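Read the structure below first, then the notes.
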Protein chains: 2
Amino acid sequence: MARMSSVDRRLELVSAALRVIAERGVAGATTRAIVAEAGMPLASFHYAFESRDEMMRELVGFVVENEAVAVFESFRFGADIRSSIHDALHAYLVAITDDPNHELVMLELMQYALRIPGLEHLAREQWVRYRVAVVELLEAAAANNGIEWSLPVDDIARIVVTFTDGITFAWLADRDLPGASRVIDFAADSLATLATPVRLKEHTA
Amino acid sequence: MARMSSVDRRLELVSAALRVIAERGVAGATTRAIVAEAGMPLASFHYAFESRDEMMRELVGFVVENEAVAVFESFRFGADIRSSIHDALHAYLVAITDDPNHELVMLELMQYALRIPGLEHLAREQWVRYRVAVVELLEAAAANNGIEWSLPVDDIARIVVTFTDGITFAWLADRDLPGASRVIDFAADSLATLATPVRLKEHTA
DNA sequence: GTCTATAAAGTGATAGAC
DNA sequence: GTCTATCACTTTATAGAC
């Protein structure tokens with residue numbers, strides 16, 4: 001393997017570690033397994049990182065930074081707020097079922113962070129970022145579908161993430177896709193009741 | 001330690017292992033840590049169990065069997081269905097916050113089961129048992145508050161568990177109790193819309 | 001039966017050759 | 001700088017003394 005900058009090698013190792021974790025879990029992410037996945041000799045690991053703990057801290061931080069809710073990025077809104085919510089949740093469900101290991105890794109890393117002293121704040125941060133992403137989506141949906149939210153948008157985002165977490169967890173456990181779809185139907189219905197049509201004083205062409 | 005039957009020793013070790021897991025996580029539940037917690041010499045472990053894996057299998061099975069949703073057992077219903085749901089969810093939240101490690105252990109064991117080939121069905125089973133417990137509660141609540149459910153009770157139970165899982169997960173991450181309470185308010189409101197007053201042809205005194 | 005003492009394998013981390 | 005070879009330690013599991 002050609003020479004790489006220190007920062008590249010760190011990234012390469014973190015990336016390899018994430019693949020190993022997806023395959024075998026956090027417990028299976030030994031330094032040997034990671035360097036094997038990255039195609040490096042064992043010593044390269046401690047050339048890039050002080051310790052395995054340091055790498056795991058960087059990995060969790062990396063995930064928190066980069067785990068955008070990409071599901072929603074290319075998302076188009078529906079004709080009304082109910083179908084916008086429904087389609088977004090459905091897109092989320094599809095993303096989960098397409099790559100179950102990904103969500104399992106997120107869950108495992110979150111738990112890992114909750115267990116390691118000094119990393120608890122990263123668990124909180126990751127969860128808050130999800131919520132912030134949902135806030136943006138809720139505001140865009142409101143603008144798009146001409147509604148106002150009857151609760152603080154931050155509270156609604158909390159409800160939405162409660163749904164997505166619950167749906168994720170349930171599907172990971174029982175793999176019942178029609179069941180998950182029925183929950184999404186309910187979620188869309190009940191969230192739509194929090195939307196009220198907005199009276200326009202003026203509107204732009 | 002006095003002589004104990006084989007079955008008692010197994011139970012003692014499983015119980016000690018659960019305490020160790022609550023304290024240090026699954027990764028910290030080494031055979032040494034477990035026998036130390038149980039006050040036994042190391043060799044006793046393999047006298048009772050073939051291997052650590054066998055003990056972990058029994059432990060997960062034990063939890064699945066015995067993890068009753070005790071929260072709801074001594075639960076009293078409210079005057080209407082909305083407050084019955086609300087109070088039940090609130091009682092659940094109190095139980096979680098009183099003993100955060102307990103839910104963290106359940107989460108961790110579920111993840112463990114999902115990772116270990118041959119144990120996946122136990123993860124599913126544990127989740128289904130929660131749902132069955134909720135079905136019973138929903139039916140009791142319906143009888144008590146004189147309503148009928150407008151969806152199959154099994155689907156509603158799925159929604160309820162989605163809520164409790166999501167609320168649990170969120171609270172473990174961000175420890176925001178007022179936030180969790182607001183989600184519970186919403187959950188009670190939206191679940192109550194699934195209840196319709198029942199017309200009685202006749203009633204018993 | 002019970003437990004000390006140890007084996008065998010795997011871990012994170014490094015020294016030292018190139 | 002890079003990597004082989006190895007250290008020091010921990011893990012599960014067992015042999016063998018009592």
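Keep in mind it's a predicted model, so treat the numbers as computed, not measured. All chains are named by letter (A, B, ...) in the order of the sequence lines, taking the proteins before the strands, and each is independently numbered beginning at 1.
Across the protein-nucleic acid pair, L42(A) atom CG and dG10(C) atom P stand 15 Å apart, rounded to whole Å. Going from atom CZ of F49(B) over to atom P of dT14(D) covers 15 Å, rounded to whole Å. M55(B) has its CE atom 14 Å from the C1' atom of dT11(D), to the nearest Å. Following rounding to the nearest Å, Y47(A) (OH) and dG1(D) (P) show an atom-to-atom distance of 5 Å. Atom CZ in R52(B) sits about 10 Å away from atom C1' in dT11(D), given to the nearest Å. Distance, F45(A) CZ to dT11(C) P: 13 Å, rounded to whole Å. dA13(D) atom C1' lies 14 Å from atom CD1 of I34(B), rounded to whole Å. Summarising the geometry, the separation between NE2 on H46(A) and P on dT11(C) is reported as 12 Å, rounded to the nearest angstrom.
Between F75(B) and F77(B), the angle of the ring planes goes over 60°, which puts this pair in the perpendicular group of the 30/60° scheme. The aromatic rings of F163(A) and F186(A) lie perpendicular to each other, with more than 60° between the two planes, well past the 30° mark.
Donor-acceptor pairing under 3.5 Å, judged by distance alone, is present between the side chain of R32(A) and the base of dG12(C).
Side-chain N/O atoms of R9(A) include one lying less than 4.0 angstrom from OP1 or OP2 on dT2(D). Residue S51(A) has no polar side-chain atom (N or O) positioned under 4.0 Å from OP1 or OP2 of dG12(C). Considering only side-chain N and O atoms, S44(B) lies under 4.0 angstrom from the phosphate OP1 or OP2 of dC3(C).
Side-chain atoms of S15(B) and R19(B) include a donor-acceptor pair closer than 3.5 Å. Residues Y92(B) and T168(B) have side chains that bring a donor and an acceptor to within less than 3.5 angstrom of each other.
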